Each structure stands twice: as C-alpha cells, then as structure tokens.
S.K.: 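I'd like to ask you about the structure that follows.
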Amino acid sequence: MQDLFTKYQVPVVFSGHSHIQYTKQINQTTEIVTSALSIAPVQYGQVTLTNDTLHYKTKEVEAIVDDETFFKLTSYNKSIDTFK
C-alpha cells in the first residue's frame with residue numbers, strides 16, 4: 001500500500017478499531033490509527049485542519065465510571081448479546 005500512497009501523493013491515512021492509538025510517518029504519508037472505544041483508556045482522535053497543516057490530538061472520553069469498570073461492563077454486555 002505504501003507504494004500506492006507514495007505514487008499518488010497521499011498525505012495522510014486514517015484507520016481504526018485497533019487496540020492501540022498511534023501516529024507514524026512513512027515516507028511522505030502520515031498514518032493515524034485510532035483505538036477502539038471499548039478499550040481502556042476510552043479515547044478518540046481530534047483532527048484540526050488549516051490550509052497547509054493537519055494537527056492530530058488524542059482526547060479521552062470523560063466517562064461516568066472509571067475506564068476499567070467501563071471496559072468490564074462493555075465486555076459483559078457484548079458477551080450477553082452474543083448468547084441471546
């Protein structure tokens with residue numbers, strides 16, 4: 001894929017639902033991977049665009065319960081839905 005990104009001068013690629021969140025520069029392309037909202041810490045990415053720049057910042061969701069409790073509740077609810 002990187003050869004295609006370079007050939008077509010793709011400046012940024014977003015992907016998600018990973019268990020980690022990171023950014024990485026590969027040649028002229030910035031890869032931005034966002035984490036899944038069901039994984040603690042519960043966070044998302046905020047992108048700010050100007051005429052010539054892209055700024056990416058990780059923001060945490062202010063949860064009613066702590067991240068570990070949220071993760072346990074989410075996992076439990078998903079497992080219950082699976083067996084309905």
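Please read these numbers as outputs of a predicted model, since none were measured by experiment.
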S.K.: Is atom CD of Gln9 surrounded by more than 12 heavy atoms (other residues, nucleotides or ligands) closer than 6.0 Å?
M.R.: no
S.K.: Check step by step if side chain to side chain contact (heavy atoms under 4.5 Å, CB included) holds for Val13 and Phe5.
M.R.: CA-CA 9 Å; Val13 175; Phe5 296 157; 3.6 Å; yes
S.K.: Applying a strict under-4.5 Å side-chain criterion to I, L, V, M, F, W and Y, I'd like to know whether Met1 and Ile32 cluster together.
M.R.: no
S.K.: Where do Thr6 and Gln28 land on the side chain to side chain contact (heavy atoms under 4.5 Å, CB included) test, with the steps shown first?
M.R.: CA-CA 7 Å; Thr6 300; Gln28 299 302 314; over 6 Å; no
S.K.: Would you please name every residue forming a side chain to side chain donor-acceptor pair (under 3.5 Å) with Tyr22, sequence neighbours left out?
M.R.: Glu31
S.K.: Have Gln43 and Thr58 got a donor and an acceptor in their side chains that come within less than 3.5 Å?
M.R.: no
S.K.: Are Thr34 and Tyr44 side-chain neighbours, meaning at least one heavy-atom pair lies under 4.5 Å?
M.R.: no
S.K.: Could you check whether any side-chain heavy atom of Lys24 comes within less than 4.5 Å of a side-chain heavy atom of Thr30, counting everything from C-beta outward?
M.R.: no
S.K.: Over all heavy atoms of both residues, which pair between Val33 and Tyr56 is shortest? Give the atoms and the distance, please.
M.R.: O-OH, 4.4 Å
S.K.: If the test is side-chain contact (heavy atoms from CB on, under 4.5 Å), which one of Thr50, Leu49, Asn51 qualifies with Thr53?
M.R.: Thr50
S.K.: Listed by chain and number, what are the side chain to side chain donor-acceptor pair (under 3.5 Å) partners of Thr23, not counting sequence neighbours?
M.R.: none
S.K.: Once side chain to side chain donor-acceptor pair (under 3.5 Å) is applied, do any residues pair with Ser75, and if so which ones, sequence neighbours excluded?
M.R.: none
S.K.: Please determine whether side chain to side chain contact (heavy atoms under 4.5 Å, CB included) holds for the pair Val47 and Leu54, giving the CA-CA distance in whole Å, both sets of side-chain angles, and the decisive distance to 0.1 Å.
M.R.: CA-CA 7 Å; Val47 177; Leu54 178 145; 3.9 Å; yes
S.K.: From Tyr8 OH over to Thr29 OG1, what is the distance, rounded to the nearest 0.5 angstrom?
M.R.: 13.5 Å
